[in-house]
Every structure is written in C-alpha cells, then in structure tokens.
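Bear in mind the structure is a predicted one, so any value in this text is a computation, not a measurement. Computed from heavy atoms alone, side chains included, the values below leave out hydrogens, waters and symmetry copies.
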Amino acid sequence: MLDEQAKTTILRTMPHALYICGVKEGDDINGFTASWVMQSSFKPPLVVNCVRNDSRSHAMIKASGVFALTFLELGQKDIAQKFFKPQRLVGSKFEDLEFYLGETGCPILSDSLGYIECNVVGSVEKGDHSVFVGEVIAAGVHREGEILSLASTGWNYGG
C-alpha cells in the first residue's frame with residue numbers, strides 16, 4: 001500500500017530548477033512557471049516539459065507545437081511567482097517585463113540566464129500533466145549565474 005506521507009516527502013526532495021515557459025498560438029502569447037523539465041537526449045537535443053492538462057498554455061502548445069524555456073537566475077523568485085498565476089486572472093504576464101519573440105514566436109525574457117526554444121516532437125498524456133518532448137532548435141546565453149531552484153524559494157510543488 002502506498003504511504004502518502006512518504007511519497008510526498010521523498011518526491012519533494014527531487015531537485016527542480018524554475019523556468020518561464022513561453023508559449024504562443026497565432027498572435028497570442030502566454031507563459032507559466034515550469035519546474036518539471038529535464039534534458040532527455042543529446043542527439044538530437046531533446047528536453048521534456050511537463051504541463052498541466054487543464055491550462056491554457058497546454059492547449060497553446062498542442063495547437064502551435066512549440067515552446068521556449070527561459071532559465072531564471074537565483075534571486076528572480078518574484079518573476080517565477082508572477083507566472084504561477086493563471087492568465088485569466090492577471091491578463092498579460094509579460095506586460096511589465098522586457099521580452100522578445102524567438103525563432104518559434106514564443107516569448108523569451110531578456111533579463112535571464114538564457115533560453116532554449118523547442119519544436120514538440122512527441123507527447124504523452126497521462127495523469128494531470130502531459131509530457132511534451134521538445135527538440136531544441138535554438139538556444140542563447142544572456143549571462144552566467146546560478147539557476148533559480150524550487151528548493152531556494154521555499155515552495156513545494158509535487159508529491
């Protein structure tokens with residue numbers, strides 16, 4: 001039998017960085033704070049990005065087949081927090097942040113460590129999150145620094 005407390009405790013020890021996942025559909029853009037992200041292949045360069053099934057961003061990724069991940073720096077907790085809120089509650093999350101549109105048309109934050117852009121090459125839809133497999137088609141480094149981690153914020157997600 002599954003010990004719920006043990007499951008929660010141990011799953012929350014898994015290290016996760018925090019990213020802003022920029023998405024687009026037509027001329028509409030959105031973004032959310034992503035933490036269930038990892039590299040999954042060198043050749044071709046692949047990453048997996050887990051996205052909540054009932055979110056607007058999930059629908060936008062499915063429709064457009066692209067996403068971008070902006071790598072946040074330690075100390076950018078306020079930006080991560082802003083992107084946790086649903087777009088329907090806050091409107092444009094990018095309105096007071098400097099950003100540009102990458103090769104995919106997805107928004108990328110200028111004030112960050114860097115970014116990758118991906119074309120979706122596969123997905124698995126199980127549970128309350130879908131796993132999108134993205135092939136990295138563009139990348140850039142804005143500056144060096146330490147990545148913002150979930151552990152450094154004091155927040156919990158998962159488990």
Side-chain angles (χ1 to χ4, degrees), residues 10-26 28-77 79-87 93-94 97-153 155-159:
I10 200 67
L11 286 177
R12 286 186 175 167
T13 67
M14 295 179 84
H16 298 284
L18 292 177
Y19 312 85
I20 300 304
C21 182
V23 298
K24 69 135 192 153
E25 182 180 4
D28 293 334
I29 62 169
N30 192 26
F32 64 94
T33 301
S35 65
W36 290 353
V37 173
M38 64 178 269
Q39 183 175 353
S40 60
S41 172
F42 289 117
K43 292 188 183 207
L46 301 176
V47 298
V48 294
N49 182 13
C50 300
V51 182
R52 190 167 177 88
N53 290 344
D54 62 357
S55 69
R56 171 77 178 120
S57 293
H58 182 279
M60 294 173 83
I61 293 171
K62 282 191 72 156
S64 68
V66 293
F67 62 87
L69 292 168
T70 296
F71 290 56
L72 295 177
E73 187 172 16
L74 188 64
Q76 292 184 309
K77 178 179 176 179
I79 294 173
Q81 188 168 24
K82 176 179 183 171
F83 281 85
F84 269 123
K85 299 173 185 168
Q87 185 178 26
K93 299 173 195 175
F94 290 94
L97 297 170
E98 187 178 327
F99 73 95
Y100 57 95
L101 300 179
E103 291 181 30
T104 59
C106 293
I108 297 165
L109 294 176
S110 301
D111 183 18
S112 67
L113 295 176
Y115 68 94
I116 59 173
E117 294 184 79
C118 298
N119 284 332
V120 175
V121 295
S123 65
V124 177
E125 296 188 28
K126 301 286 183 190
D128 57 7
H129 283 64
S130 292
V131 177
F132 289 104
V133 179
E135 182 171 356
V136 178
I137 60 155
V141 176
H142 296 145
R143 65 174 177 264
E144 290 186 18
E146 187 176 342
I147 196 161
L148 179 65
S149 71
L150 188 61
S152 72
T153 66
W155 300 334
N156 290 312
Y157 186 72

Drop me the distance from [X]'s [atom1] to [Y]'s [atom2], to the nearest 0.5 angstrom.
X    : Y    : atom1 : atom2 : answer
S57  : F67  : OG    : CZ    : 12.0 Å
M38  : H16  : CE    : NE2   : 10.5 Å
S64  : D28  : OG    : CG    : 11.0 Å
I20  : S112 : CD1   : OG    : 9.5 Å
I108 : F99  : CD1   : CZ    : 10.5 Å
I61  : K24  : CD1   : NZ    : 12.5 Å

What pairs of residues pass the salt bridge (charged side-chain N to carboxylate O under 4.0 Å, His left out) test when at least one of them lies in [range], not counting sequence neighbours?
range          : result
residues 65-74 : E73-R143
residues 30-42 : none
residues 61-71 : K62-E125

Indicate yes or no: at least one non-hydrogen side-chain atom of [X] is less than 4.5 angstrom from one of [Y].
X    : Y    : result
E25  : R56  : yes
S110 : Y100 : yes
C21  : N49  : yes
L74  : S152 : yes
V48  : V37  : no

Any idea which heavy atoms bring [X] and [Y] closest together, and the distance?
X   : Y    : answer
F94 : P107 : CZ-CG, 3.4 Å
I29 : G105 : CG2-O, 4.3 Å
K93 : F32  : NZ-CA, 4.4 Å

Using a 3.5 Å distance criterion without hydrogens, assess whether the side chain of [X] forms a donor-acceptor pair with backbone atoms of [Y].
X    : Y    : value
N53  : G127 : yes
T70  : L109 : yes
E144 : L113 : no

Q. Any idea how H129 and W36 line up, ring-wise: parallel (<30°), tilted (30 to 60°), or perpendicular (>60°)?
A.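 The rings of H129 and W36 sit tilted, inter-plane angle from 30° to 60°.
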
What pairs with Y115 under ring pair (Phe, Tyr, Trp, His ring centres under 6.0 Å), at least two apart in sequence or on another chain?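 Partners of Y115 under the ring pair (Phe, Tyr, Trp, His ring centres under 6.0 Å) test: H142.
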
Practice prompt. Could I get the full list of ring pair (Phe, Tyr, Trp, His ring centres under 6.0 Å) partners for F71, not counting sequence neighbours?
Written response: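 Ring pair (Phe, Tyr, Trp, His ring centres under 6.0 Å) check on F71 returns Y19.
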
Go through the structure and list residues passing side-chain contact (heavy atoms from CB on, under 4.5 Å) with [X], not counting sequence neighbours.
X    : value
A138 : E103, E117
P44  : S41, L46, E135
A80  : L18, T33, L72, L148, W155

Can you tell me if CD1 on I10 sees more than 12 non-hydrogen neighbours from other groups inside 6.0 Å?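 No, CD1 of I10 has 12 or fewer neighbouring heavy atoms, counting only those of other groups under 6.0 Å.
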
Legend entry - Residue that, paired with C118, satisfies side chain to side chain contact (heavy atoms under 4.5 Å, CB included) out of I137, V136, T104, V66: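 The residue from I137, V136, T104, V66 that satisfies side chain to side chain contact (heavy atoms under 4.5 Å, CB included) with C118 turns out to be V136.
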
Sorted by chain and residue number, the side chain to side chain donor-acceptor pair (under 3.5 Å) partners of D54 (sequence neighbours excluded) come out as R52

